[in-house]
Amino acid sequence: MNNMNQMMKQVKKMQEQMLKAQEELETKSVEGTAGGGVVTVSVNGHKKLLNIVIKPEAVDPDDVEMLQDLVMTAVNDALTKADELANQDMGKFTGGMKIPGLF
């Protein structure tokens, strides 16, 4: 019975650490870029879009599709990096296993 109590304490401690790590992901940010940096997108570890910067040289009124592609590429780059950040931070607790709904 004593071992069970000890194990439950360890599980509770790990849950608290995981919750703290998930909360910290909201304060961390990553950037995605496209076109050699003419479009930069920032997202936090929860994949919330924080900022988009478009340099003037990326804007060509005759080629709006190019700008759309650059923004989409930068957003996808940032979201991929946010996934990597979450996997890195939460992987400490899951041993690299992806647990649905955890992050």
>> Do Glu84 and Val30 have side chains that approach each other closer than 4.5 Å (heavy atoms only, starting at C-beta)?
In response: no
> Which residue pairs satisfy the salt bridge (Lys or Arg N to Asp or Glu O under 4.0 Å) criterion with at least one member in residues 2-18, sequence neighbours excluded?
Replying inline: none
Expected list for residues 37-53: side-chain donor-acceptor pairs under 3.5 angstrom, two or more places apart:
unit_1 : atom_1 : unit_2 : atom_2 : d
Asn44  : OD1    : His46  : N      : 2.9
Asn44  : OD1    : Lys47  : N      : 3.2
Asn44  : OD1    : Lys48  : N      : 2.9
Asn44  : ND2    : Glu26  : O      : 3.4
His46  : NE2    : Gln22  : O      : 2.7
Lys47  : NZ     : Asp83  : OD1    : 2.7

>> Closer than 3.5 angstrom, by distance alone: can the side chain of Lys81 be matched with the main-chain N or O of Glu31 as a donor-acceptor pair?
In response: yes
>> Going by side chain to side chain contact (heavy atoms under 4.5 Å, CB included), name the residues that satisfy it together with Asp60, two or more places apart in sequence or in a different chain.
In response: Asp62, Asp63
> Can you tell me how far CD of Gln10 sits from CG of Asn3, rounded to the nearest 0.5 angstrom?
Replying inline: 9.5 Å
> CD of Glu23 to CE of Met18: how many Å apart, nearest 0.5 Å?
Replying inline: 12.5 Å
Tabulate below the donor-acceptor pairs under 3.5 Å that side-chain atoms of residues 65-78 make, not counting sequence neighbours, or state none.
unit_1 : atom_1 : unit_2 : atom_2 : d
Thr73  : OG1    : Asp69  : O      : 2.8
Asn76  : ND2    : Met72  : O      : 3.3
Asp77  : OD2    : Thr33  : N      : 3.0

